[in-house]
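These notes are about the structure you will find just below.
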Amino acid sequence: MNLPESKFRPVIFFMGGATFKTELPKYVIDTSLTGYITEIEEVLLQPEEVTAANDALTALVSRTNERVAKRELVAGIERRRSPAV
């Protein structure tokens, strides 16, 4: 699924009491991430788009996990084949 950039809003969240020397841009926050999110009123995605994006991310995670598992399997086989030094 490809979503246009217009469907995204940048946000950088610092936690842990960071001290800033300059005023923060509007997309950088250091308090209440929940408050920031709940104040957003603009609807960027329709429910079906959220479902499609979630499905695409779930499939990506599944494929990524499969690749990692295969890589680990091959590495284990190669370790067993190699003579001990």
Side-chain angles (χ1 to χ4, degrees):
M1 168 174 215
N2 292 322
L3 293 171
E5 281 188 42
S6 63
K7 298 287 186 170
F8 295 88
R9 296 293 177 259
V11 64
I12 300 171
F13 175 63
F14 289 93
M15 55 188 286
T19 303
F20 300 93
K21 295 180 181 179
T22 61
E23 186 175 334
L24 299 177
K26 67 179 183 176
Y27 59 87
V28 178
I29 56 174
D30 63 347
T31 59
S32 188
L33 181 59
T34 303
Y36 174 84
I37 292 170
T38 56
E39 288 177 9
I40 298 172
E41 294 181 4
E42 183 181 10
V43 176
L44 297 175
L45 296 173
Q46 297 304 313
E48 56 277 2
E49 292 175 302
V50 173
T51 300
N54 186 56
D55 291 346
L57 287 171
T58 300
L60 176 63
V61 168
S62 177
R63 286 193 309 272
T64 301
N65 289 342
E66 288 173 11
R67 275 189 239 129
V68 169
K70 287 177 185 177
R71 192 175 328 131
E72 289 174 356
L73 175 64
V74 169
I77 291 169
E78 289 174 355
R79 279 193 306 272
R80 287 189 292 276
R81 280 191 203 160
S82 300
V85 178

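A quick note: this is a predicted structure, and the numbers were derived from the prediction, not measured.
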### Query
Applying ring-ring contact (aromatic ring centres under 6.0 Å, His included), which residue pairs with at least one partner in residues 20-70 are found, sequence neighbours left out?
F14-F20

#### Entry: Single-linkage hydrophobic cluster L57~L3, side-chain heavy atoms < 4.5 angstrom
no

### Query
Would F8 and L45 show up in the same hydrophobic cluster when neighbours are defined by side-chain heavy atoms closer than 4.5 Å?
yes

### Query
Is T58 reaching over with its side chain to a backbone N or O of N54, donor-acceptor style, under 3.5 angstrom?
yes

### E48, CD: over 12 other non-hydrogen atoms inside 6.0 angstrom
yes

### Message
Between I29 and I12, is there shared hydrophobic-cluster membership here, with clusters defined by ILVMFWY side-chain heavy atoms closer than 4.5 Å?
### Response
no

### Summary
Rounded to the nearest 0.5 angstrom, the CD-NZ distance for Q46 and K7 is 6.5 Å

### Message
If I take atom CG from residue L33 and atom OG1 from residue T38, how far apart are they, to the nearest 0.5 angstrom?
### Response
9.5 Å

### Query
Do V11 and I37 belong together in a cluster built from hydrophobic side chains that touch within less than 4.5 Å?
yes

### Query
R9 versus L44: any side-chain heavy-atom pair under 4.5 Å?
yes

### Query
Got a sec, which residues hit side chain to side chain contact (heavy atoms under 4.5 Å, CB included) with R81, two or more places apart in sequence or on another chain?
I77

